[in-house]
Amino acid sequence: SQQGEEDPQALSIQEGENATMNCSYKTSINNLQWYRQNSGRGLVHLILIRSNEREKHSGRLRVTLDTSKKSSSLLITASRAADTASYFCATSYNTDKLIFGTGTRLQVFP
Amino acid sequence: DVKVTQSSRYLVKRTGEKVFLECVQDMDHENMFWYRQDPGLGLRLIYFSYDVKMKEKGDIPEGYSVSREKKERFSLILESASTNQTSMYLCASRGFSGANVLTFGAGSRLTVL
């Protein structure tokens, strides 16, 4: 399978703490994206990092990409209860299709 | 604000029924996609379409068909619903921005009894 895999599967933290999620993939990619899904809803695009980039920031989000290890991490700083959601990485290979991972469920307690 | 709208949020159907899931986007996007999402399996691509009247099989097309008669509308059809098609169905669209970013609808949760 070309599917990305997120780690951990579930993460529980207190408000104000940082949350780190990891994604591993199997083959060379064009880019890697992170999406967020609130319970029972569709996915929302958060951030995209291209294969020639190593780090990218967007507000409280920081994404890193290590192509030598075929892995990426998503850091959410100063988490809020509203960050409670599932987070998915998605990789783009030589086709136009996106391959999604199985997700990390983040619970942020007030 | 750009939108992908899935007409039915929740559906309950019986085995053997024909099911239509409708998806409409207002962004003039060329590409549209249907995924299904199941616990532990993530999102799996069923079908996608690059343009009107065009369709391509994804990773799990069996038991499904699609229709794209107009640019803004992409329909997923279950010819004879089965219990193993109980799932969350997500529609998405993508324009030619070069970044391969998808805009998703809110999802349609289908239960087949």
Side-chain angles (χ1 to χ4, degrees), chain A residues 1-10 21-53 56 58 61 63 65 72 85-105, chain B residues 1-10 21 23-25 27 29-51 54 56-61 87-111:
Chain A
S1 168
Q2 294 178 318
Q3 191 177 56
E5 293 185 4
E6 285 91 342
D7 169 58
Q9 289 186 339
M21 290 158 262
N22 303 296
C23 170
S24 61
Y25 56 91
K26 296 183 179 178
T27 66
S28 297
I29 60 173
N30 297 327
N31 61 61
L32 184 144
Q33 303 176 45
W34 286 91
Y35 287 78
R36 166 197 168 121
Q37 183 181 36
N38 286 80
S39 180
R41 307 295 292 183
L43 279 71
V44 175
H45 179 256
L46 294 176
I47 194 166
L48 178 150
I49 186 165
R50 299 188 190 280
S51 59
N52 61 354
E53 297 175 312
K56 203 161 184 180
S58 177
L61 305 180
V63 170
L65 179 65
S72 173
S86 291
Y87 293 83
F88 294 85
C89 68
T91 47
S92 176
Y93 299 86
N94 291 329
T95 69
D96 290 332
K97 292 190 290 184
L98 276 183
I99 307 296
F100 286 84
T102 53
T104 292
R105 283 179 287 108
Chain B
D1 201 13
V2 295
K3 268 191 174 178
V4 176
T5 302
Q6 295 183 231
S7 57
S8 303
R9 292 280 288 124
Y10 300 95
L21 299 180
C23 175
V24 177
Q25 50 97 1
M27 298 166 283
H29 281 175
E30 288 79 11
N31 305 157
M32 297 187 74
F33 304 79
W34 275 106
Y35 288 87
R36 68 175 280 178
Q37 182 179 22
D38 301 286
L41 296 177
L43 277 75
R44 294 178 291 168
L45 182 63
I46 305 172
Y47 266 98
F48 59 105
S49 170
Y50 285 124
D51 205 342
M54 295 179 67
E56 298 282 342
K57 292 181 180 179
D59 299 317
I60 52 163
S87 187
M88 170 71 110
Y89 290 88
L90 294 165
C91 175
S93 72
R94 180 184 70 200
F96 279 145
S97 65
N100 203 14
V101 172
L102 299 184
T103 301
F104 281 86
S108 298
R109 184 164 294 281
L110 171 67
T111 300

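A quick note: this is a predicted structure, and the numbers were derived from the prediction, not measured. Here is how names work: the chains are called A, B, and so on, in the same order as the sequence lines, proteins then strands, and each is numbered from 1. Side chains are part of it too, since the values below use all heavy atoms of this structure and drop only hydrogens, waters and symmetry mates.
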Next item on the list: Under the salt bridge (charged side-chain N to carboxylate O under 4.0 Å, His left out) rule, collect the residues that match up with B:E56, sequence neighbours excluded.
Entry: none
Item checked: Backbone N/O of B:G107 and side chain of B:R9: donor-acceptor pair under 3.5 Å -> yes
Notebook entry, point to check: Short question: side chain of A:T104, backbone of A:P8 - any donor-acceptor pair under 3.5 Å?
Noted result: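 It does hold such a pair.
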Check: Checking side chain to side chain donor-acceptor pair (under 3.5 Å) for the pair B:N100/A:S92: CA distance, chi angles, key distance, verdict?
Finding: CA-CA 8 Å; B:N100 203 14; A:S92 176; 3.0 Å; yes
Notebook entry, point to check: Checking heavy atoms, do the side chain of B:Q6, its backbone, both or neither come under 4.5 Å from chain A?
Noted result: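 No part of it gets close to chain A.
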Check: Of the backbone (N, CA, C, O) and the side chain (C-beta and beyond), which part of B:D59 lies under 4.5 Å from a heavy atom of chain A, both, or neither?
Finding: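 For B:D59, the contact with chain A is made by the side chain alone.
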Checklist line | Side chain / backbone / both / neither for A:Q37 at chain B, heavy atoms under 4.5 Å | finding: side chain
Margin query: Counting only non-hydrogen atoms closer than 4.5 Å, does A:L43 touch chain B with its backbone (N, CA, C, O), its side chain (CB onward), both, or neither?
Written below: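 Looking at A:L43, backbone and side chain both touch chain B.
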